[in-house]
Amino acid sequence: MTDRLPKIRLYVDAPLAAGTELFLEAQAHYLTGVMRQGAGDAVALFNGRDGEWRAVIVSAAKKRVTVRVEAQIAPQQNPPDLWLLFAPIKKARTDFIVEKAAELGAARICPVLTRFTNAERVRTDRLQAHAVEAAEQCGGTFVPTVDAPAKLADVLANWPEDRRLMFCDEARTARPVAEALAGLGGGPWAILIGPEGGFSPEEAEALRTHPGVVPVTLGPRVLRAD
């Protein structure tokens, strides 16, 4: 046995504790057929709650791999209480947004439907899987929840009073980020990114007049939605 950290990291939806045995079915093909792992090989497991744990493969079959959890190798590290709200775009670019948001440490990812949202049906299960894969690849121990898509009007109507929403406003009247945030202090925040076609005038006005929204500009140029 070696003390080196395992190179393979897997997310599991199960409690992790020393001595626990887990049966991995969804990842069995990946472990045995792709990564050529077998009995005695080590993997790292995390569940988004209990940190990262070293586990050893006890038995490996084509459709089920049994692992025994040995010891914690990294504590749980949760991100700041920051949500990302974004208007879905073309499928591959939406996947990219979710992957990078998970890697950068968003606590929650919220697809928002606007007037100019340019996307086909949004599959929340697919986006959640991308968030899991991103956490496995980047070394994180937290997996953000991906919400079901919601209309912008509904989001604003039900916005929590204790959370500020940074609105990335294309209008040149908005203040730069550092200036707009000066003196506002900490607390829970969210960031809203608009669609490829921008917000409609009505949506922009609703955002600018909402008591929990802080309009900001990211500079003189209009950036890509992703």
Side-chain angles (χ1 to χ4, degrees), residues 78-131 134 142-226:
N78 294 328
D81 190 2
L82 178 66
W83 300 353
L84 173 67
L85 284 68
F86 73 99
I89 52 180
K90 296 176 182 178
K91 185 173 66 173
R93 307 313 295 174
T94 293
D95 295 346
F96 177 80
I97 291 173
V98 170
E99 290 168 3
K100 297 311 168 187
E103 292 172 0
L104 290 171
R108 184 173 172 183
I109 300 173
C110 314
V112 176
L113 303 178
T114 70
R115 179 179 176 185
F116 298 131
T117 295
N118 180 22
E120 299 175 355
R121 183 172 64 93
V122 178
R123 286 188 51 187
T124 306
D125 58 340
R126 174 188 173 89
L127 296 181
Q128 188 66 66
H130 279 292
F142 178 85
V143 178
T145 297
V146 179
D147 289 348
K151 294 182 179 179
L152 178 60
D154 294 335
V155 170
L156 293 179
N158 297 290
W159 192 252
E161 294 182 358
D162 64 338
R163 183 177 297 273
R164 292 188 178 94
L165 175 60
M166 181 190 297
F167 162 41
C168 298
D169 193 353
E170 295 178 357
R172 298 185 182 277
T173 55
R175 293 185 293 169
V177 175
E179 180 183 330
L181 301 188
L184 291 181
W189 275 84
I191 299 173
L192 172 62
I193 305 295
E196 292 173 297
F199 293 101
S200 71
E202 295 79 13
E203 291 169 338
E205 183 62 20
L207 285 163
R208 295 184 189 117
T209 57
H210 191 283
V213 172
V214 180
V216 302
T217 177
L218 301 180
R221 297 172 182 84
V222 177
L223 305 179
R224 285 171 54 116
D226 56 354

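Just so we're clear, the structure is a prediction, and the values are computed from it rather than from any experiment.
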Student: Got a second to check how far T145's OG1 is from W83's CH2, nearest 0.5 Å?
Tutor: 10.5 Å
Student: Are the side chains of R115 and L152 in contact, using a 4.5 Å heavy-atom criterion?
Tutor: no
Student: My understanding is that only residues two or more places apart in sequence, or in another chain, count here; which of them pass ring-ring contact (aromatic ring centres under 6.0 Å, His included) with F199?
Tutor: F167
Student: Tell me, please, which residues at least two apart from A87 pass side-chain contact (heavy atoms from CB on, under 4.5 Å).
Tutor: T114, T117, P195
Student: Kindly write out the residues that satisfy side-chain hydrogen bond (donor to acceptor under 3.5 Å, both in side chains) with D154, not counting sequence neighbours, or none if the list is empty.
Tutor: none
Student: Enter the distance from C110:SG to I191:CD1 here, rounded to the nearest 0.5 Å.
Tutor: 11.5 Å
Student: Can you run down the side-chain hydrogen bond (donor to acceptor under 3.5 Å, both in side chains) pairs that involve residues 155-170, sequence neighbours left out, and say none if there aren't any?
Tutor: D81-R163, D169-R208
Student: Can you list everything that forms a salt bridge (charged side-chain N to carboxylate O under 4.0 Å, His left out) with D125? Sequence neighbours excluded, please.
Tutor: R123
Student: Does anything in residues 99-118 pair up under ring pair (Phe, Tyr, Trp, His ring centres under 6.0 Å), and if so which pairs, sequence neighbours excluded?
Tutor: none
Student: Of all the heavy-atom pairs spanning L156 and H210, show the shortest one and how long it is.
Tutor: O-NE2, 3.1 Å
Student: Can you name the side-chain hydrogen bond (donor to acceptor under 3.5 Å, both in side chains) partners of E99, sequence neighbours left out?
Tutor: H130
Student: Apply salt bridge (charged side-chain N to carboxylate O under 4.0 Å, His left out) to K100 and list each qualifying residue two or more places apart in sequence or on a separate chain.
Tutor: E103
Student: Please list, chain by chain and in numerical order, all residues satisfying salt bridge (charged side-chain N to carboxylate O under 4.0 Å, His left out) with E205, sequence neighbours excluded.
Tutor: none
Student: With sequence neighbours excluded, what pairs up with R108 under the salt bridge (charged side-chain N to carboxylate O under 4.0 Å, His left out) test?
Tutor: D147
Student: Using every non-hydrogen atom in the two residues, find where A102 and A134 come nearest and quote the distance to one decimal.
Tutor: CB-CB, 3.9 Å
Student: Any idea which heavy atoms bring V112 and P88 closest together, and the distance?
Tutor: O-CD, 3.3 Å
Student: How close do T217 and A174 get, counting heavy atoms only, and between which atoms?
Tutor: CG2-O, 3.4 Å
Student: For a 4.5 angstrom cut-off between non-hydrogen side-chain atoms, does T94 reach V122?
Tutor: no
Student: Sequence neighbours left out, what passes side-chain contact (heavy atoms from CB on, under 4.5 Å) with L104? Give chain and number order.
Tutor: none
Student: Heavy-atom distance under 4.5 Å between the side chains of I89 and I97, does that happen here?
Tutor: yes
Student: Nearest heavy-atom pair of P111 and I109: which atoms, and what distance?
Tutor: CD-O, 3.6 Å
Student: What side-chain hydrogen bond (donor to acceptor under 3.5 Å, both in side chains) pairs are there with at least one residue in residues 188-204, not counting sequence neighbours?
Tutor: N118-E196, S200-E202, S200-E203
Student: Quick one: closest heavy-atom pair of V216 and M166, and the distance?
Tutor: CG2-CG, 3.6 Å
